[in-house]
**Q** 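Dumping the structure here so I can ask a few things about it.
Lettering of chains follows the sequences in order, A, B, ..., and the numbering in each one begins at 1. Just so you know, these numbers come straight off a predicted model, no measurement behind them. Scope of the values below: all heavy atoms of this structure, side chains included, with no hydrogens, waters or symmetry mates.
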Amino acid sequence: MPVPERAWYDRPSLEVAHDLLGAVLTRRTSQGTVALRLTEVEAYDGERDPGSHAFRGPTARNATMYGEPGHLYVYRHMGLHHCVNVVCGPAGTASAVLLRAGEVVGPGGAALARRRRLERGVVRSERDLARGPARLTVALALDLADDGADVTVPGGPVELAAGPGVAPSDVEAGPRVGVSGEGGRGDLYPWRLWLRDDPTVSEYRAAAPRRRGVRKQAG
DNA sequence: CCGCTGATATTCT
DNA sequence: GAATATCAGCGGG
C-alpha cells in the first residue's frame with residue numbers, strides 16, 4: 001500500500017479522518033514492528049473547535065498541531081496516558097485527527113503489542129490490544145518523545161500507509177468521546193468516525209464531568 | 001453485565 | 001485550584 005505524501009494531509013481534518021479508516025500505521029522500534037489497521041478516529045478543527053486543544057490558541061503543548069501536516073501530535077492525558085493525533089491542514093492552522101483504536105495486523109505484531117500492554121495493565125482479549133486511544137499508544141510504544149514524528153517517510157519509525165478504501169456505507173459517525181467544552185452539545189460535532197461492526201472499536205463513553213471537591217489530603 | 005471511582009500530571013485560570 | 005480527547009478495578013445485580 002502506498003505511503004501518502006505530505007499534501008495528502010493538507011486537507012480538512014474530517015476528510016482526512018474518513019480516509020484514515022482502514023489505513024495501516026506501522027511502528028518500528030528496536031523491539032520489532034507493530035502494524036495497526038485503524039478502525040476508529042476523531043477529527044478536531046483547531047481554533048474554531050471548542051473540543052480542540054487549540055481552541056484557546058497556541059500553547060507549548062499544542063505547538064506541533066500548528067506545524068506541517070503529516071506529523072504526529074502526542075500529548076499526555078490524566079497523568080498516566082498518552083494520546084496520538086495526525087496533524088492536518090496547512091502549517092499555521094491546528095487541525096488534527098485523534099487515533100482512537102485499531103486492529104493489530106501482520107506477523108509478530110500482536111505478540112509485541114501484548115507484551116507492551118501487559119507491562120502497563122491487563123489485556124482481556126486480542127481485540128483489546130489497541131482498543132482505545134491510550135491503549136493504542138501503549139501497543140505502539142508512542143510517547144512524548146514521538147511528538148512531531150513524520151508519518152510520510154516510507155520505512156521510517158512511524159509510517160502511515162493508505163488503506164484499500166472503505167465504502168461510505170461501512171463508516172459510522174457520532175459524537176466524540178469524553179469531549180466537554182461543547183456545552184454538552186456533542187451532537188454538534190459528530191466527528192468520531194468508526195468502521196461499522198468492527199470489534200476493535202472502543203466503547204463509547206459520554207463526557208461526564210467528575211464530581212468536584214475530591215481532595216487527596218484532608219484540609 | 002453495569003455503573004462508579006481513584007490515580008496522576010500537565011495545562012490553563 | 002480546577003479541568004482533563006482515559007483506564008482498570010471494584011462492588012452490586
**Q** Within 45 degrees of the axis of the six-membered ring of A:W194 and under 6.0 Å from its centre: does A:R196 put its NZ or CZ there?
**A**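 Here A:R196 fails the 6.0 Å and 45° test against A:W194.
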**Q** Whether A:E103 and A:R131 form a salt bridge (side-chain N of Lys/Arg under 4.0 Å from carboxylate O of Asp/Glu) is what I want to check.
**A**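 Not counted as a salt bridge, because no side-chain N and carboxylate O are separated by less than 4.0 Å.
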**Q** What nucleic acid atoms does A:G132 come within less than 4.0 Å of, heavy atoms only: base, sugar-phosphate, or nothing?
**A** sugar-phosphate
**Q** Specify the residue among A:L144 and A:R124 whose closest nucleotide of DNA chain B lies further upstream toward the 5′ end.
**A**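 Between the two, 5'-proximity favours A:R124.
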**Q** Using whole Å, what does the distance between atom C1' of nucleotide C:dT6 and atom CZ of A:R120 come to?
**A**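 Rounding to the nearest Å, CZ of A:R120 and C1' of C:dT6 are 11 Å apart.
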**Q** Of the listed nucleotides (C:dA8, C:dA5, C:dT4), which one gets closest to any side-chain atom of A:M78?
**A** C:dT4
**Q** Can you check whether A:Y44 stacks with the C:dA5 base, using ring centres under 5.5 Å and planes within 30°?
**A**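 Yes; centroid distance and tilt both under limits.
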**Q** If B:dA7 has a Watson-Crick or G-U wobble mate with both distances under 3.5 Å, name it; if not, just say none.
**A** C:dT6
**Q** Quick one: is A:R117 getting a side-chain N or O under 4.0 Å of the C:dA8 phosphate, OP1 or OP2?
**A** yes
**Q** For DNA chain C, what residues of residues 10-21 of chain A have any heavy atom nearer than 4.0 Å?
**A** none
**Q** What is the distance, to the nearest angstrom, from the CG atom on A:L80 to the C1' atom on C:dG9?
**A**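 Rounded to the whole Å, the gap is 14 Å.
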**Q** When the distance from OH of A:Y204 to C1' of C:dT6 is rounded to whole Å, what number comes out?
**A** 14 Å
**Q** Is the Lys NZ or Arg CZ of A:R192 less than 6.0 Å from the centre of A:Y204's six-membered ring, within 45° of the axis?
**A** no
**Q** Using every non-hydrogen atom in the two residues, find where A:E47 and A:P58 come nearest and quote the distance to one decimal.
**A**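 Between these two residues, the closest heavy atoms are OE2-CD, 3.9 Å.
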**Q** Using only side-chain N and O atoms of A:R131, determine if any of them is under 4.0 Å from OP1 or OP2 of C:dC7.
**A** no
**Q** Check this one for me: any side-chain N or O of A:R135 less than 4.0 Å away from OP1 or OP2 of C:dA8?
**A** yes
**Q** Using ring centroids (six-membered ring only for Trp), state whether A:H53 and A:Y75 fall under 6.0 Å.
**A**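 For A:Y75 and A:H53, the ring centres are under 6.0 Å apart.
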**Q** Would you please confirm or rule out a distance under 4.0 Å between OP1 or OP2 of C:dA5 and any side-chain N or O of A:H53?
**A**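 Answer yes for this pair, as a side-chain N or O of A:H53 is under 4.0 Å from OP1 or OP2.
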**Q** Examine distances only and state if a side-chain atom of A:R116 and a backbone atom of A:A139 form a donor-acceptor pair shorter than 3.5 Å.
**A** yes
**Q** Knowing that exactly one of A:L142, A:L140, A:V158 qualifies, which makes a side-chain contact (heavy atoms from CB on, under 4.5 Å) with A:V84?
**A** A:L142
**Q** When you compare B:dG6 with C:dA2, how far apart are their P atoms, in angstrom units rounded to a whole number?
**A**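 Comparing P positions in B:dG6 and C:dA2 gives a spacing of 16 Å.
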**Q** Provide, to the nearest angstrom, the distance between the CG atom belonging to A:L98 and the P atom belonging to C:dT4.
**A** 16 Å
**Q** Identify which nucleotide among C:dT6, C:dA5, C:dA8 has an atom closest to any side-chain atom of A:V177, counting heavy atoms from C-beta outward.
**A**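 So the side chain of A:V177 is nearest to C:dT6.
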**Q** Round to a whole Å and report the spacing from CZ of A:R176 to P of C:dT6.
**A**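 Distance check: A:R176 CZ to C:dT6 P gives 12 Å.
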**Q** Specify the separation, in whole Å, of atom CD of A:E119 and atom C1' of C:dC7.
**A**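 Checked: the CD to C1' distance equals 17 Å.
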**Q** Quick check on C:dA5: is either OP1 or OP2 less than 4.0 Å from any side-chain nitrogen or oxygen of A:R76?
**A**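 For C:dA5, neither OP1 nor OP2 has a side-chain N or O of A:R76 closer than 4.0 Å.
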**Q** Could you tell me how far apart A:L118 (CG) and C:dA8 (P) are, to the nearest whole angstrom?
**A** 11 Å
**Q** Heavy atoms from C-beta onward define the side chain here; which of B:dT11, B:dA7, C:dC7 lies closest to that of A:R205?
**A** C:dC7
**Q** State which of C:dG9, B:dT8, C:dA5 makes the closest approach to the side chain of A:V122.
**A**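 So the nucleotide nearest the side chain must be C:dG9.
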**Q** How many Å lie between CZ on A:R192 and C1' on C:dT6, as a whole number?
**A** 14 Å
**Q** Which pairs pass salt bridge (charged side-chain N to carboxylate O under 4.0 Å, His left out) with one or both residues in residues 143-154 of chain A, sequence neighbours excluded?
**A** A:R6-A:D150, A:R27-A:D146
